Amino acid sequence: MTAPAVLDRADLHASLADPALLSMNFLNEVAGRFPEAVSFAPGRPTEDLFDPADLHRYLDTYRRHLAEHKGYDEARVRRELFQYGRTKGIVHELIARQLEQDEGITVDPEAIVVTVGAQEALWLVLRALRASERDVVLAVDPAYVGLTGAARLVDLPVRPVHEGPRGVRPEDVLERIREVRAAGERPRALYLVPDFSNPSGHSMDVPTRHRLLEIAAQEDILLLEDNPYGFFQAAESGRPPTLKALDTGQRVVYLGSLAKTCFPGARMGFAVADQRVTGPEETLLADELSRAKSMVTVNTSPVSQALVGGMLLEHGGSLLHANRRQIGIYRRNLGCLLQGLHRRFAELPGVRWNTPAGGFFVVLTVPFPVTDELLEHAAVQHGVLFTPMRHFSDNDRTLRQLRLSCSSLTPDQIETGLDRLAALIAECTSTPGA
């Protein structure tokens, strides 16, 4: 009998041991390890409105759409749902309609690639942009760990643009671009979440959005706009336009997630990539992304697309309309979290937090280091979970910060979790040397 194969980690791609990839697994799995703890860790949508009966109805709604509105015969309807599908997706026209209706984004459906979650869309864009060893991507820091990990997998270095108390400053972006160029590197794009950012919760005002578009044109870079949370405002006031809605020069690649606005089990996202690509033949960037996708996931599940398509059709093509009840839940939860923090910590020295205008996340600053070891202690001894901000940034400021997500909890769970968090903070602040 021959000896089993043993691989040396040093002979595998270096990204597999990168902290960013370890962080993603850690964040995905930590709640499952401590099921009895109140978990402020995951940025999951609420499960209060999930109903398995909806799935059957959505599928039937989309099937009728194919037969009655697109004129497909029974054989073609079956083929559309059961067979391999078009690589760029089969619900691209419905997504284009939704973007125009909800976001004021007018785009050719052929510029849309439907992907296996927004994470695949992000990976495809980074893969396409990494043309040489000089290429880098900028990211507002602290950054979503999925961006950092995806960039590592395609050997694309990430250069941070640090976020201040009110979010990123355009002039800091401009300065960072020029620093990177002076170091001999080529900045290809800036990744950012303009609305209720993960993890910081910050949002950009409209003048900042316009200025970033000006800088992108001036410096010849793209903006990668990730927008999972834009619908979830804490107030009724009008939403600011997305960068893509303001984009008149095709400087923005828009990354859409349907995990929060539909349901994560569908594993669907999309990229709007309407940039022209010149060469022997002129194409759209979406066409180039589709070529890469065909070698990675081949196509996005037609059944998942049919479920999302049926949901869109049932709500007149509008995800904003489809999420009316969810928006109310997230507003309630964010208000409960912020009020609970104020009641418990307003007078406690060294403890402070930001007050996002919506979204899922609040960042809490404490007077002691927040490590994975502390998180384990919090789970075992106090029954509460959170996310250390060090998973999102190497900046020293984040070493004493934690992210709280309130999206998937009830008000009672939020109150219980904050009581437990208060006990942990009291323990840490009363310990000598903490």
Side-chain angles (χ1 to χ4, degrees), residues 95-96 98-107 111 118 138-144 147 160-177 187 189-257 260-261 270-275 318-321 323-324 327 330-331 334-335 338 354-363:
I95 291 173
Q98 179 270 319
L99 289 171
E100 185 166 15
Q101 187 168 334
D102 289 337
E103 303 286 10
I105 297 171
T106 302
V107 63
L138 307 181
V140 175
D141 179 78
Y144 167 53
L147 172 278
V161 181
H162 293 301
E163 201 172 41
R166 294 184 176 85
V168 70
R169 294 176 63 251
E171 300 315 308
D172 289 343
V173 172
L174 182 58
E175 181 180 358
R176 190 68 167 124
I177 290 170
L190 168 68
Y191 171 86
L192 67 172
V193 184
D195 296 289
F196 319 126
S197 175
N198 178 15
S200 70
H202 286 309
S203 294
M204 295 179 181
D205 59 25
V206 175
T208 296
R209 296 172 195 237
H210 280 292
R211 179 62 181 135
L212 287 174
L213 286 165
E214 291 173 358
I215 290 171
Q218 172 187 322
E219 298 297 322
D220 192 22
I221 67 166
L222 296 175
L223 301 178
L224 309 184
E225 179 180 20
D226 198 353
N227 187 27
Y229 312 104
F231 289 162
F232 306 128
Q233 290 198 127
E236 295 285 351
S237 56
R239 293 180 296 120
T242 63
L243 284 165
K244 191 60 183 173
L246 299 172
D247 179 26
T248 58
Q250 284 72 53
R251 286 288 162 185
V252 178
V253 177
Y254 185 88
L255 304 170
S257 170
K260 311 300 189 295
T261 51
F270 60 91
V272 177
D274 56 354
Q275 291 72 28
S318 171
L319 285 177
L320 190 60
H321 184 270
N323 280 267
R324 286 181 302 175
I327 291 168
Y330 299 139
R331 285 175 177 168
L334 182 59
L338 292 172
N354 63 338
T355 55
F360 290 5
F361 309 112
V362 172
V363 174

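Note that the structure is a prediction, hence the values are computed from the model and not measured. Numbers for residues simply follow the sequence, beginning at 1.
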[X] and [Y]: which non-hydrogen atoms are nearest, and at how many Å?
| X | Y | value |
| --- | --- | --- |
| Tyr229 | Gly359 | CB-CA, 4.5 Å |
| Asp195 | Gly230 | CB-CA, 3.9 Å |
| Ala118 | Gly256 | CB-O, 3.6 Å |
| Leu147 | Ala139 | CD1-CB, 3.7 Å |
| Ala357 | Phe196 | C-CE2, 3.5 Å |
| Ser197 | Phe361 | O-CD1, 4.0 Å |

How far does [atom1] of [X] sit from [atom2] of [Y], to the nearest 0.5 angstrom?
| X | Y | atom1 | atom2 | answer |
| --- | --- | --- | --- | --- |
| His210 | Leu243 | NE2 | CG | 9.5 Å |
| Leu212 | Asp247 | CG | CG | 12.0 Å |
| Leu319 | Lys260 | CG | NZ | 13.5 Å |
| Gln250 | Lys244 | CD | NZ | 6.0 Å |
| Glu163 | Met204 | CD | CE | 7.0 Å |
| Asp141 | Leu192 | CG | CG | 13.0 Å |

Do [X] and [Y] touch side chain to side chain, with heavy atoms closer than 4.5 Å?
| X | Y | value |
| --- | --- | --- |
| Val206 | Pro241 | yes |
| Leu246 | Val252 | no |
| Leu338 | Thr355 | yes |
| Pro240 | Gln233 | yes |
| Leu99 | Tyr254 | yes |

Q: State which residues pass side chain to side chain donor-acceptor pair (under 3.5 Å) with Gln98; sequence neighbours excluded, sorted by chain then number.
A: Asp102

**Q.** Partner set under ring pair (Phe, Tyr, Trp, His ring centres under 6.0 Å) for His162, not counting sequence neighbours
**A.** none

Q.
Holding to ring pair (Phe, Tyr, Trp, His ring centres under 6.0 Å), I want the full list of residues that pass it with Tyr330, two or more places apart in sequence or in another chain.
A. Phe232, Phe360

Q.
Let's go through Arg251 and Asp220 carefully: what are the C-alpha distance in whole Å and the side-chain angles of both, what is the deciding distance for side chain to side chain contact (heavy atoms under 4.5 Å, CB included) to 0.1 Å, and is it a yes or a no?
A. CA-CA 8 Å; Arg251 286 288 162 185; Asp220 192 22; 2.9 Å; yes

Q | Test: Glu219 and Arg176 ion pair at under 4.0 Å | A | no

Q. How far apart are the C-alpha atoms of Arg169 and Glu175, what are their side-chain angles, what is the distance that settles it, and do they pass the salt bridge (Lys or Arg N to Asp or Glu O under 4.0 Å) test?
A. CA-CA 10 Å; Arg169 294 176 63 251; Glu175 181 180 358; over 6 Å; no

Q) Hey, is the main chain of Ser200 close enough, under 3.5 Å, to the side chain of Asn354 for a donor-acceptor pair? A) yes

Q. Hey, mind stepping through Leu320 and Arg239 against side chain to side chain contact (heavy atoms under 4.5 Å, CB included) and telling me if it holds?
A. CA-CA 11 Å; Leu320 190 60; Arg239 293 180 296 120; 4.0 Å; yes

Q. How about Glu103 and Thr242: does a side-chain donor come under 3.5 Å of a side-chain acceptor?
A. no

(Q) For a side chain to side chain contact (heavy atoms under 4.5 Å, CB included) check, start with the C-alpha distance between Glu171 and Leu174, then their side-chain angles and the critical distance, and finish with the verdict. (A) CA-CA 5 Å; Glu171 300 315 308; Leu174 182 58; 3.7 Å; yes

Q. Ile177 and Val161: side chain to side chain contact (heavy atoms under 4.5 Å, CB included), yes or no, with the steps?
A. CA-CA 9 Å; Ile177 290 170; Val161 181; over 6 Å; no

